[in-house]
Amino acid sequence: MGDNAGMDKEYSKTMEIPLRGFTHGSKFHSDDVFATAFLKIINPDIEITRGFEVPEDFDGIVYDIGRGKYDHHQADKEYRENGCPYAAFGLLWREFGTVYVGAEESERFDRDFVQPLDESDNTGKSNALATIIDEFNPGWDSGKEYDACFWKAVDFAKIVLENHFSAVAGIYRAKTLVNEAMAVCDGSVLVLPQYAPWKGEVAGSSYKFVVYPSSRGGYSAQGVPLSVDDKTLVCPFPDEWCGKTHEELVKITGIKTLRFCHPNAFLIAADKEEDAVKAAKMALVLSKDGNARMT
């Protein structure tokens with residue numbers, strides 16, 4: 001992802017998105033809904049028309065209908081290398097995703113988010129988000145109009161996408177803060193001056209725990225996973241701490257403000273930063289090979 005983290009409005013203007021779009025009418029699905037939401041994000045001025053036949057003189061972007069570049073209903077529809085068929089959202093994401101969020105995030109988002117929706121649309125495979133979108137369609141006896149329900153679904157999908165893009169941008173903004181802290185800490189317990197998304201930078205490093213101010217007050221210490229995708233902890237907190245009360249934790253550890261240890265051994269909470277650090281360092285001393293855990 002570039003320095004703009006793909007979400008800068010000026011950056012998005014480099015994409016050539018027409019001012020008009022056309023997709024099919026009546027019943028809608030996750031692919032045309034999310035495709036529309038994505039188009040509205042990267043070009044808020046685009047006007048989308050729904051219908052059953054693309055006008056011959058239409059000069060905008062056509063998707064999920066018309067058997068063109070962004071349709072998938074033709075016999076020779078496209079498939080990804082892993083065999084997952086493209087639907088309209090996937091075809092549009094392939095075209096514009098890399099420009100919007102960068103190659104690495106575009107590929108990850110396609111794998112984790114877009115492909116399941118495309119597969120559901122093409123094969124009918126169950127997908128929770130696709131079901132949620134489907135239920136925006138008017139009930140058989142509701143008397144509601146499809147177009148009005150479609151735009152409600154698009155508004156929902158826009159929130160989902162915007163929240164994700166905002167979170168990803170935050171991760172990239174956090175890199176400097178996290179790397180600066182890593183450069184001055186001891187190589188095993190990383191102390192952050194404020195919470196910031198850290199896993200992408202810290203996982204795979206020498207650090208075993210990360211300490212940061214908690215949004216609930218006090219400080220948290222969290223175990224570092226093996227990687228962003230593998231949540232197995234490099235060093236979990238001791239089993240005998242897990243799920244214990246504040247009084248029990250103080251008795252076991254002697255750390256006066258240690259008040260919580262998650263039952264899955266990945267997180268502790270203390271009132272003071274020095275106590276959170278002390279708990280992390282104690283866990284390192286007590287750790288033994290072979291007691292890694294999944295968070």
Side-chain angles (χ1 to χ4, degrees), residues 108 112-113 128-129 159-160 163-295:
R108 190 207 62 77
D112 296 343
F113 189 94
L129 185 53
I159 292 172
V160 172
N163 284 346
H164 172 76
F165 296 148
S166 178
V168 171
I171 290 171
Y172 279 82
R173 290 195 304 271
K175 282 187 174 185
T176 298
L177 182 147
V178 174
N179 281 307
E180 287 178 351
M182 290 175 69
V184 299
C185 289
D186 65 4
S188 60
V189 178
L190 176 64
V191 181
L192 299 178
Q194 66 184 85
Y195 173 79
W198 52 264
K199 289 183 181 179
E201 299 302 302
V202 182
S205 72
S206 65
Y207 284 96
K208 309 298 190 298
F209 293 99
V210 178
V211 174
Y212 51 86
S214 172
S215 61
R216 298 181 179 182
Y219 293 82
S220 294
Q222 189 169 341
V224 175
L226 291 177
S227 71
V228 173
D229 296 320
D230 186 347
K231 295 184 179 181
T232 304
L233 297 173
V234 176
C235 179
F237 289 101
D239 286 341
E240 57 267 29
W241 298 8
C242 297
K244 295 297 192 294
T245 65
H246 167 64
E247 291 77 12
E248 291 170 326
L249 286 170
V250 172
K251 185 176 180 179
I252 293 169
T253 66
I255 301 174
K256 292 183 179 180
T257 73
L258 182 61
R259 50 185 164 80
F260 173 78
C261 180
H262 196 281
N264 284 345
F266 77 97
L267 178 76
I268 62 94
D271 292 336
K272 296 181 178 180
E273 180 183 285
E274 56 264 36
D275 283 351
V277 173
K278 186 182 296 184
K281 291 185 175 181
M282 185 178 293
L284 284 173
V285 173
L286 296 172
S287 66
K288 296 180 180 179
D289 292 339
N291 67 342
R293 283 203 186 181
M294 293 292 290
T295 59

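Atoms considered below: every heavy atom in the structure, side chains included; atoms not considered: hydrogens, waters and symmetry mates.
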**Message:** To the nearest 0.5 Å, what is the distance between NZ on Lys278 and CG on Leu258?
**Reply:** 10.5 Å
**Complete:** In terms of heavy-atom contacts, Tyr212 and Gln222 come closest through OH-OE1, 2.9 Å
**Asked** Between atom NZ of Lys281 and atom CD1 of Ile255, what is the distance when rounded to the nearest 0.5 Å?
**Response** 11.5 Å
**Request:** Could you label the plane-to-plane angle of the Phe266 and His262 rings as parallel, tilted or perpendicular, counting under 30° as parallel and over 60° as perpendicular?
**Result:** tilted
**Item:** Whether Ser205 side chain and Val202 backbone form a donor-acceptor pair below 3.5 Å
**Value:** yes
**Asked** Got Val224 and Leu190 here, is their nearest side-chain heavy-atom distance under 4.5 Å?
**Response** no
**Message:** Can a donor-acceptor pair be found, under 3.5 Å and without considering hydrogens, that links the side chain of Tyr207 to the backbone of Gly187?
**Reply:** yes
**Message:** With rounding to the nearest 0.5 angstrom, report the NZ to CD1 distance, Lys199 to Ile171.
**Reply:** 10.0 Å
**Request:** Could you list the residues that satisfy salt bridge (charged side-chain N to carboxylate O under 4.0 Å, His left out) with Asp112, not counting sequence neighbours?
**Result:** Arg108
**Asked** Got a sec, which residues hit ring pair (Phe, Tyr, Trp, His ring centres under 6.0 Å) with Phe209, two or more places apart in sequence or on another chain?
**Response** Phe237
**Message:** Checking Ser188 now: which residues fulfil side-chain hydrogen bond (donor to acceptor under 3.5 Å, both in side chains) with it, not counting sequence neighbours?
**Reply:** Asp186
**Message:** In the structure I gave you, are the side-chain heavy atoms of Phe113 and Leu129 within less than 4.5 Å of one another anywhere?
**Reply:** yes
